[in-house]
Amino acid sequence: MTLLEGIHSPRDLRSLGREELATLAQEIRDFLISHVARTGGHLGPNLGVVELTLALHRVFDSPNDTLVFDTGHQSYVHKLVTGRQNFDTLRHEGGMSGYPSRSESEHDVVESSHASSSLAWVDGISRARALAGEKDRWTVGVIGDGALTGGMAWEALNNIAADPERHAVIVVNDNGRSYAPTVGGLARTMQGISGTVGRKIDKVRVSRPYEDTMRFLKQRLKDGNAFSQFTYKSLHAAKAGIKDWWAPQGLFADLGIKYIGPVDGHNQAEVEEALSAAKAFGGPVIVHVITQKGHGYAPAVEDEDDQFHAVGVIDPATGKPLKASSGPSWTSVFGHELADIADERPDVVGITGAMLIPVGLSAMKERHPERVIDVGIAEQHAVASAAGLAFGGFHPVVAVYATFLNRAYDQLLMDVALHRAGVTFVLDRAGVTGPDGASHHGMWDMALVQSIPGLHLAAPRDPGRLRELLREAVAIADAPSVLRFPKGTAGADIPAIARTVDGVDVLADSGEEEPDVLLVAVGAFADLALDVAARLKDQGISSTVVDPRWVLPVPRSVIDMADRHRLVVTLEDGVRAGGVGARLRQEMRAAGVDTGLNEVGLPDEFLDHGTREQVLNRVGVSAQQITQDVVAQVLGTKVPRARPVGQRAATGALPVVPLFPPASPAASAEKDADA
C-alpha cells in the first residue's frame, strides 16, 4: 500500500515525517503523470504545486479554514488529499471535474475557472468570518502570478489591506507563467523579487508583538512635535532601505499587507514555515512562493510553449500525443489567415489576454512581433485599449476564448460600440467546449452581443468561410465585428449551391415552390442542419438549409425565405434565451412574417462536463431529436405548428444568385496543409 492510498482526508497528512512527505510528493507526481496521460487535463500546473498543496493542508484545517484556488485548474493535488483518488474518468461525463466542484467535496468552494477573481472571494469570505465573530477560521487564496495581471485581483487586495485584523492569507504561486510566460511590468517586478529564493524567512516581520510595538511608536512619533515627525520619517526611510536590501518585497510592501518570501515552493519545510508564520500573525499576509510548472517531469519542464499547461492523451514516458490531428484546427486556420492579412495591412494589430498560442496569434507574432500585444489576464483592458488603437488609426483584432468575452461586455458596449470603433473580436472555443465544463463553455456570447447597437456577428461553418468572413470583418471600420468558431478540428469545406444578394449561403434546396421547413444553421451547426434535412426528406418533408454567414444584422433574405416556408427552425450553438432564433423571430414579426419558428439551441443552464457530443445529446441538440420535433410540428401535433399549406402571404423575396467561383481544391488543400 502506498502512502497516497492511505490519505483519505487532509488530517492524515499531519502525522507524516519529512521523509514520508517527500515520498508522498513523488507518489503524487507519478500518479498525476500516469492518470492525466490517459484522460488529458491540466498536468503542468498540478505538478508544480505538490509541496505547496501538502503544506496548505498541513498548516490549515480545511474545510473549517477555506481554501480558494484561482481558476482551479491546479486543484488536482487538493482533490487527491481530500479523498478523491479515482481519476479514471477525470473530465469525462459523469466523472470528476477538472476544477473544484461543490458537488464533489465540502473542501471545494469556488467553482468558476475564470482567473483573477479568487481574492475577491477571499475578501468576501474573510469579511463574513469577521462579521460573524469566527476568529478561529482562516481564508486562504492561492493565486498565480499570471492571474495578478488581472485588475480584479488588485481591487480585492485594496480592500483586504484596509482591515489589519482580517484572517486572510494570500499565497502567490509564482511560476513565471499564466498559460505562457507572464507579461508586463508586474512580471519584471516579480522576477526581481524571485532572485532571492532560499533566504531565511524574517519571522520578526510577521510577529504580532513586533507589529503592535511598531504601530505604537509610529503613532507617537507622527503625533509629536516637528522633531518627532522628522525622526519618524528618517527612521522609516532607513527601515525601508534595510528591508529592501535584506528582503526585497517589490510592490507588495506598498499595499500595507505583510509579506513573506520569496519561498522555495518545492521545499516542504520552508513552505510550511512560511504558512505557519502567516497564520500566527492573525492579519492579512502575502506568502510569495516560487514554483516550477511541470516540476519533476522532464517533458513538461522542457516544453517551451506552455510546460504542459493542458494536455490531451499522451505517452507518459515521452509526453508525446498518442492521437494525431485529423486536420487543421479552427484556431490554426484563423491564425494563419490573420498573419496573411497582417502582411497585406500594416494597420492590423492582434491583441490577446495571456493566451498567445491558444488563440492562434503566434503565427502573426512570428511575422509581425511589434503588432501583437499580450495584455495579460485583463480582458476589460484589452477591449478598451482596442478602442484607443482604433481611434489612433489601427484595426485591432482581439482574440479571446468566447467564455471570456463575458468579462468585457461593458467595454465592448461603451468603449467600442458607442464610439463606433472598428474592432474585430475573434471568439475561439465558442459554444459547447466539452471536458472543461460549465465555466468554459462559450455559450453566452451570441446572446450577449445581440443587445449591442451596430454590432456585426459572423459564424463560419467551415475553414473557407472562416477565412472569408475574417477578411470581411476587418474591412468594417465603423462598428465592432465579432467572429466566433468552436473548439477542435475545422473539418472540410461545406459547399453552397447558391448565395443571395445579401450574402446568405443556400446549402440545400428541395426546389419546391412552398417548402415545408427552413433550417437556419448558425456556424458549425451546418452539418447538423444538413443531417436533419436528409432525415426530414426520408419522412416526406421538404426543406431548405441556409447559412446566414453574418448573423447580425439579420439578412433580409432570411426573413423573406421564412415567409415562403411553413416552419422555420434555427440551430445555434449558444443559449436560446436572447439568442439568434429569438432575434430572427423579432425581425420576422417586424416585417409582418408570422411563420412559426422553433429555436434549437442550449438551455440557460450551467452544463456539466463531457465530450461536446455528449453535452449536446444531453440537452436534446441531436439530429434525431430535432427531426422528431420538426416532424411533429409539421404534422401539427406540437407547437410551434407549421402553417397550413397554401396560406403564405407573398412578400417579394430577394433573388437567389449563383455563388462566386470557389477557390481551386488544390489551393485550398495547400492552405490547410500550411495551417
Side-chain angles (χ1 to χ4, degrees), residues 2-14 16 21 23-113 115 118 121 140-144 171 173 265 268 271 291 293-297 300 308-311 316 435-440 608-610:
T2 64
L3 282 172
L4 178 57
E5 290 172 326
I7 303 298
H8 305 291
S9 77
R11 294 185 179 182
D12 294 331
L13 298 173
R14 292 169 198 162
L16 301 181
L21 285 169
T23 300
L24 177 61
Q26 187 58 53
E27 288 180 4
I28 289 174
R29 286 194 167 90
D30 292 342
F31 179 97
L32 291 175
I33 293 167
S34 65
H35 283 76
V36 178
R38 293 198 296 267
T39 63
H42 291 93
L43 182 55
N46 286 283
L47 293 175
V49 297
V50 176
E51 289 83 4
L52 172 59
T53 306
L54 295 178
L56 285 167
H57 279 293
R58 279 167 58 86
V59 172
F60 296 96
D61 182 24
S62 176
N64 183 64
D65 297 330
T66 302
L67 302 184
V68 178
F69 294 91
D70 202 279
T71 75
H73 64 270
Q74 78 284 48
S75 64
Y76 292 6
V77 185
H78 164 76
K79 288 174 182 275
L80 284 172
V81 299
T82 53
R84 289 167 283 176
Q85 297 184 12
N86 181 9
F87 272 54
D88 293 339
T89 55
L90 174 70
R91 302 168 77 242
H92 290 187
E93 186 174 40
M96 190 187 301
S97 169
Y99 296 93
S101 171
R102 289 183 178 181
S103 65
E104 288 181 7
S105 173
E106 62 180 344
H107 297 277
D108 292 1
V109 176
V110 179
E111 298 187 7
S112 171
S113 55
S118 63
W121 277 88
V140 184
V142 181
I143 183 169
V171 178
N173 174 32
Q268 187 77 48
V271 178
T291 63
K293 204 170 182 180
H295 187 76
Y297 184 41
F308 283 25
H309 178 85
V311 297
D436 283 327
S439 59
H440 264 56
D608 287 339
H609 56 280

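Below, all heavy atoms of this structure are taken into account, side chains as well, without hydrogens, waters or symmetry copies. As the structure is a computational prediction, the values presented were derived from the model and not from experiment.
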For [X], side-chain hydrogen bond (donor to acceptor under 3.5 Å, both in side chains) partners two or more places apart:
X    : answer
S97  : none
D608 : none
T23  : none
H609 : none

Between [X] and [Y], is any pair of side-chain heavy atoms under 4.5 Å apart?
X    : Y    : result
I143 : V171 : no
T89  : T39  : no
E106 : S62  : no
E27  : E5   : no
V68  : V142 : no
L54  : L24  : yes

Distance check, rounded to the nearest 0.5 Å: [X] atom [atom1] versus [Y] atom [atom2]?
X    : Y    : atom1 : atom2 : result
L80  : F31  : CG    : CZ    : 5.0 Å
D30  : L4   : CG    : CG    : 10.0 Å
N46  : K293 : CG    : NZ    : 10.5 Å
I7   : L16  : CD1   : CG    : 5.0 Å
H295 : L52  : NE2   : CG    : 12.5 Å
L21  : Q268 : CG    : CD    : 5.0 Å

For H92, what residues pass the ring-ring contact (aromatic ring centres under 6.0 Å, His included) criterion, not counting sequence neighbours?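 Once residues adjacent in sequence are excluded, H92 has no partner under the ring-ring contact (aromatic ring centres under 6.0 Å, His included) criterion.
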Mind checking what makes ring-ring contact (aromatic ring centres under 6.0 Å, His included) contact with Y99, not counting sequence neighbours? H42, H440
Listed by chain and number, what are the side-chain contact (heavy atoms from CB on, under 4.5 Å) partners of [X], not counting sequence neighbours?
X    : answer
A438 : F606
E111 : S101, R102
A300 : Y297, F308
D88  : H35, R38, N86

Determine the minimum heavy-atom distance between [X] and [Y], stating which atoms define it.
X    : Y    : answer
G265 : T291 : CA-CG2, 3.9 Å
T82  : P10  : CG2-CG, 3.9 Å
G98  : S75  : O-OG, 4.4 Å

Evaluate V77 against L47 for side chain to side chain contact (heavy atoms under 4.5 Å, CB included), listing each step before the verdict. CA-CA 8 Å; V77 185; L47 293 175; over 6 Å; no
Scan side-chain atoms only and decide if H73 and T71 contain a donor-acceptor pair under the 3.5 Å cut-off.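 Yes, T71 and H73 have a side-chain donor paired with an acceptor closer than 3.5 Å.
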Is it true that H78 and H57 share a donor-acceptor pair across their side chains at a distance under 3.5 Å? yes
Look only at the side chain of [X] and the backbone of [Y], and say whether a donor-acceptor pair between them is shorter than 3.5 Å.
X   : Y   : value
D12 : S9  : yes
R58 : L13 : yes
Q74 : G72 : yes

For E104, all residues meeting salt bridge (charged side-chain N to carboxylate O under 4.0 Å, His left out), sequence neighbours excluded: K79, R84
Please assess L90 against Y76 for the test side chain to side chain contact (heavy atoms under 4.5 Å, CB included), listing each intermediate value before the final yes or no. CA-CA 10 Å; L90 174 70; Y76 292 6; 3.8 Å; yes
Suppose the criterion is salt bridge (Lys or Arg N to Asp or Glu O under 4.0 Å): which pairs have a residue in residues 63-72, not counting sequence neighbours?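 Those involving residues 63-72 do not exist here.
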